[in-house]
A.B. asks: 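I have a structure here, written as structure tokens, and I will follow up with some questions on it.
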Amino acid sequence: MKIGILGFGNMGAAMGERLKLKYQIFVFDKDVDKTKECAGITVDKSLEELANCANALILAIKPQDFEKSLEEIKKHEQMYLIISIAAGITTSFIEARLGKKAVIRAMPNLPAKVGEGMICITKGKYATDIDLSFVQGLFNRLGKTLIVEERLMDAVTAVSGSGPGFLYELINNIPRAEWDKFIKEEFVPKLSYAGMQVGFTAEQAKLLAETTAQGSMSLLHQSKTSAAILKVRVTSPGGTTEAGLSALKGKVENLELAVRVALKRSEELSRK
Ligand SMILES: NC(=O)c1ccc[n+]([C@@H]2O[C@H](COP(=O)([O-])OP(=O)(O)OC[C@H]3O[C@@H](n4cnc5c(N)ncnc54)[C@H](OP(=O)(O)O)[C@@H]3O)[C@@H](O)[C@H]2O)c1
């Protein structure tokens, strides 16, 4: 399978760099500076060129860029599988614009950059179980994967998507020597509990909480920066992490509330 990536920003680049070790990767980003240095990946000059050479396409563009790109993608019949990682864009939104196409939706979190992400995956109406397991194989290269029902995708955004921002905020107030104990005894149990309150089973919630905590710490160690700076990087203005942080107020006791507020924000953004 030849894999195309549309958009080579934070997530597209993280995916391309990891997937190129196993797959043939093609990429197009309208900002040519982003694809200047990407050894081992074929850089295309347009979405049309990309759609002509790939049979699976990862949409790693912002939600607001979807409508226009889907119009172009619709013209390319040979494009077999569409994989979207955009927050708040449903499989039915994509199917409504592309017709009976196999669509898979995935929600990675930022630690995917260092191969320790938590990635939840769901399939659209026309995708098969074989498509789903193929995509799960792709995302296994970026961290741990979990197949969930699509109705849980906003909850995924609130727990594993915003979780890194919550953790960075909380450890920022704690001496470094106490981080491990805090994460094991406070953060993970409370994030797991919050996950169960927003719809996950106990087992799913534990996986999401543990993987999010571990991945966030690996990202922190490997990025050689502070928790405060990483917190700012993972907090987009008006997004779910920002909303959750306003409820968290730097206190782990507020984690469940923070997750609920992030979920509400994710649902609002999805409705837009
Ligand atoms: N960052 C995360 O942690 C994270 C986690 C989970 C999911 N996501 C999802 O991943 C997607 C990408 O996020 P990101 O943070 O990687 O965004 P990003 O850094 O802004 O990257 C998107 C890239 O796509 C380019 N682009 C936009 N429209 C295009 C088009 N029609 N053709 C070609 N290139 C196009 C953008 O160029 P310009 O800058 O010139 O517009 C930009 O370089 C979003 O939908 C987001 O919801 C992100």
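Whatever order the structure lists ligands and atoms in, that order sets their numbers, starting from 1. Being a predicted model, the structure only gives us computed values, none of them experimental. Below, all heavy atoms of this structure are taken into account, side chains as well, without hydrogens, waters or symmetry copies.
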A.B. asks: Under the side chain to side chain donor-acceptor pair (under 3.5 Å) rule, collect the residues that match up with Lys224, sequence neighbours excluded.
C.D. replies: none

A.B. asks: Inspect the contact between Arg151 and Glu149 and indicate whether a charged nitrogen and a carboxylate oxygen are less than 4.0 angstrom apart.
C.D. replies: yes

A.B. asks: Tell me which protein heavy atom sits closest to atom 39 (O) of ligand 1, plus the residue, atom name and distance to 0.1 Å.
C.D. replies: Lys34 NZ, 3.5 Å

A.B. asks: Can you tell me the protein heavy atom closest to atom 15 (O) of ligand 1 and the distance?
C.D. replies: Asn10 ND2, 3.2 Å

A.B. asks: Tell me the protein heavy atom at minimum distance from atom 3 (O) of ligand 1, and give that distance in Å.
C.D. replies: Leu110 CD1, 3.3 Å

A.B. asks: Using non-hydrogen atoms of the residue, decide whether Asp29 is closer than 4.0 angstrom to ligand 1.
C.D. replies: yes

A.B. asks: For a quick test of reading the model, state the closest non-hydrogen atom pair linking Val148 to Met153 and the distance between them.
C.D. replies: CG2-SD, 4.1 Å

A.B. asks: Donor-acceptor check, side chain of Asn109 to backbone of Gly117, threshold 3.5 angstrom: yes or no?
C.D. replies: no

A.B. asks: Please identify which atoms of ligand 1 are closer than 4.0 Å to at least one heavy atom of Asp65.
C.D. replies: 27 (C), 28 (N)

A.B. asks: Closest non-hydrogen protein atom to atom 21 (O) of ligand 1, residue and atom name please, with distance?
C.D. replies: Gly9 CA, 3.2 Å

A.B. asks: So, Asp131 and Tyr126: side-chain donor and acceptor under 3.5 Å apart, yes or no?
C.D. replies: no

A.B. asks: Can you tell which of Pro108, Ala14, Ser69 gets a heavy atom nearest to atom 5 (C) of ligand 1?
C.D. replies: Pro108

A.B. asks: To the nearest 0.5 Å, what is the distance between CD1 on Ile58 and CD1 on Ile25?
C.D. replies: 6.0 Å

A.B. asks: Below 3.5 Å, N or O to N or O, backbone or side chain included: is there any such pair between Ile61 and ligand 1?
C.D. replies: yes

A.B. asks: Considering non-hydrogen atoms of the protein only, which is the closest contact for atom 9 (C) of ligand 1, and what is the distance?
C.D. replies: Ile85 O, 3.2 Å

A.B. asks: Show which atoms of ligand 1 fall inside a sub-4.0 Å distance from at least one heavy-atom site of Ala86.
C.D. replies: 45 (O), 47 (O)

A.B. asks: Hey, are Glu67 and Arg97 close enough for a salt bridge, meaning a charged N less than 4.0 Å from a carboxylate O?
C.D. replies: yes

A.B. asks: So how far is it from Ile119 CD1 to Ser160 OG, rounded to the nearest 0.5 Å?
C.D. replies: 9.0 Å

A.B. asks: Number the atoms of ligand 1 from 1 as they appear, then name those within less than 4.0 Å of a heavy atom of Asp31, with their elements.
C.D. replies: 40 (O)

A.B. asks: Just which atoms of ligand 1 are under 4.0 Å from any heavy atom in Met107?
C.D. replies: 6 (C), 7 (C)

A.B. asks: Answer yes when Glu268 and Lys264 have at least one side-chain N-carboxylate O distance shorter than 4.0 Å, and no when they do not.
C.D. replies: yes

A.B. asks: Which atoms form the tightest heavy-atom contact between Arg18 and Arg141, and what is the distance?
C.D. replies: CD-O, 3.5 Å

A.B. asks: Between Lys68 and Glu72, is there a salt bridge with N-O shorter than 4.0 Å?
C.D. replies: no

A.B. asks: Looking at ligand 1, does Asn109 have a heavy atom less than 4.0 Å from it?
C.D. replies: no

A.B. asks: Starting from atom 20 (O) of ligand 1, what is the nearest protein heavy atom, named by residue and atom, and what distance separates them?
C.D. replies: Lys62 CE, 3.3 Å

A.B. asks: Which residue supplies the protein heavy atom nearest to atom 4 (C) of ligand 1, what is that atom called, and how far is it?
C.D. replies: Met11 CG, 3.6 Å

A.B. asks: Taking distance alone, with N or O pairs closer than 3.5 Å, would you say Ala87 contacts ligand 1?
C.D. replies: yes

A.B. asks: So is there a nitrogen or oxygen of Leu6 less than 3.5 Å from a nitrogen or oxygen in ligand 1?
C.D. replies: no

A.B. asks: Starting from atom 22 (C) of ligand 1, which protein heavy atom do you reach first, and at what distance in Å?
C.D. replies: Ala60 O, 3.5 Å

A.B. asks: Please report the C-alpha distance between Lys123 and Asp129 in whole Å, then the side-chain angles of each, then the deciding distance to 0.1 Å, and finally whether the side chain to side chain contact (heavy atoms under 4.5 Å, CB included) criterion is met.
C.D. replies: CA-CA 8 Å; Lys123 76 179 175 70; Asp129 287 342; 3.2 Å; yes

A.B. asks: I'd like to check which ligand 1 atoms, numbered from 1 as shown, lie under 4.0 Å from a non-hydrogen atom of Gly7.
C.D. replies: 23 (C), 24 (O)

A.B. asks: May I ask you to check if ligand 1 and Lys30 share an N or O to N or O distance below 3.5 Å?
C.D. replies: yes

